[in-house]
Amino acid sequence: MRLACYGAFFLPAGYAPDPGDRFPIHSIPPIRTIGLPALSKKGLSLLHGFYSSHSALMHIEKDMDALPKGKKQWVYPVEVYLRGISDHKNNTDIDVMRGSTILYISKCRAALLEQLDEAYTEFLKQRNVPIKRRPRDIPSSTIRFSWQPELLTEFLRSYPPTKHLEAVIYPIMGSDREEYSFVTILSRDAIDSYKVPDCDGVILDFIID
């Protein structure tokens, strides 16, 4: 199974890459016009889902175009394909998760969501990270991953039931009240292939801390 997610690299306006040029792919940067929370400091966080991803990339282009002359950047979208095992039946419990390499938060049973939420909240407290209140527009069933994801990778890599995961897919609500789906890649093994639609032959390096 291959899952598509979306990132970008950025170059000074007017610069067109040539085949064979090499560029790093970092996590999606803050998007001012959407107002997303700070993403995970580790791993590689990209967009997931065709429509919301392309909407977010358009917002990034607006942000870059608003920069002062001389600092403007062009956005080159990247399609990244993941491979792995995941549950597609809205039936993920602890046993199903242990047999998966990609975790869909939206496919998890309520009991597993509660377990992950409690464990992540405790993880933040142990590291003296202020516990943020649930945003007003987020449903009560949504777990903390969605509004306070800054230590998500460290948590998943240290929490025994999730140490084996290679990627996690979860929703984040922007200040524009739109929901955006993100994937945080924890291991290079999750990446199957990639495509740069506007730049054939470009080589990408995925930065996964």
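Residue numbers start at 1 and run along the sequence shown.
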Without swapping roles, check the side chain of D117 against the backbone of I143 for a donor-acceptor pair under 3.5 Å. no
Just by modelled atom types, is the V202 backbone N or O under 3.5 Å from a matching donor or acceptor in the D21 side chain? no
Parallel, tilted or perpendicular: ring planes of Y76 versus F9, cut at 30 and 60 degrees: parallel
After noting the C-alpha distance and the side-chain angles of Y6 and F50, does the key distance pass the side chain to side chain contact (heavy atoms under 4.5 Å, CB included) rule? CA-CA 8 Å; Y6 304 88; F50 182 83; 3.6 Å; yes
Taking the cut-offs as 6.0 angstrom to the six-membered ring centre and 45 degrees off its axis, would you call R83 and Y81 a cation-pi pair? no
So that I can tick it off, tell me whether R98 and D95 are bridged by a salt bridge, with the cut-off set at under 4.0 angstrom between side-chain N and carboxylate O. yes
ILVMFWY cluster, F10 and V80 together (side-chain gap under 4.5 Å): no
Decide whether Y159 and Q115 meet the rule of one side-chain donor and one side-chain acceptor closer than 3.5 Å. yes
Using a 4.5 Å cut-off between side-chain heavy atoms of Ile, Leu, Val, Met, Phe, Trp and Tyr, which other residues end up in the same hydrophobic cluster as I138? W147, M173
R127 atom CZ: more than 12 heavy-atom contacts under 6.0 Å: yes
Can you check whether L204's main-chain N or O pairs, donor with acceptor, with Y194's side chain at less than 3.5 Å? yes
So does S52 get a backbone contact from the side chain of E179, meaning a donor-acceptor N/O pair under 3.5 Å? no
Walk me through whether I85 and I102 qualify under side chain to side chain contact (heavy atoms under 4.5 Å, CB included). CA-CA 6 Å; I85 301 168; I102 299 175; over 6 Å; no
Between R144 (side chain) and I131 (backbone), is there a donor-acceptor pair under 3.5 Å? no
Look at the side chain of K72 and the backbone N and O of D65, then say whether any donor-acceptor pair between them is shorter than 3.5 Å. yes
With a 3.5 Å distance limit and no angle check, can you tell me whether S40 reaches the backbone of K42 through a side-chain donor-acceptor pair? yes
Might you confirm whether atom OH of Y51 has over 12 heavy atoms from other residues, nucleotides or ligands at distances under 6.0 Å? no
Could you go through residues 182-190 and list every donor-acceptor pair under 3.5 Å that involves a side-chain atom there, pairing it with any protein atom two or more places apart or in another chain?
{"residue": "T184", "atom": "OG1", "partner": "S45", "partner atom": "OG", "Å": "2.8"}
{"residue": "T184", "atom": "OG1", "partner": "Y170", "partner atom": "OH", "Å": "2.7"}
{"residue": "S187", "atom": "OG", "partner": "D189", "partner atom": "N", "Å": "3.1"}

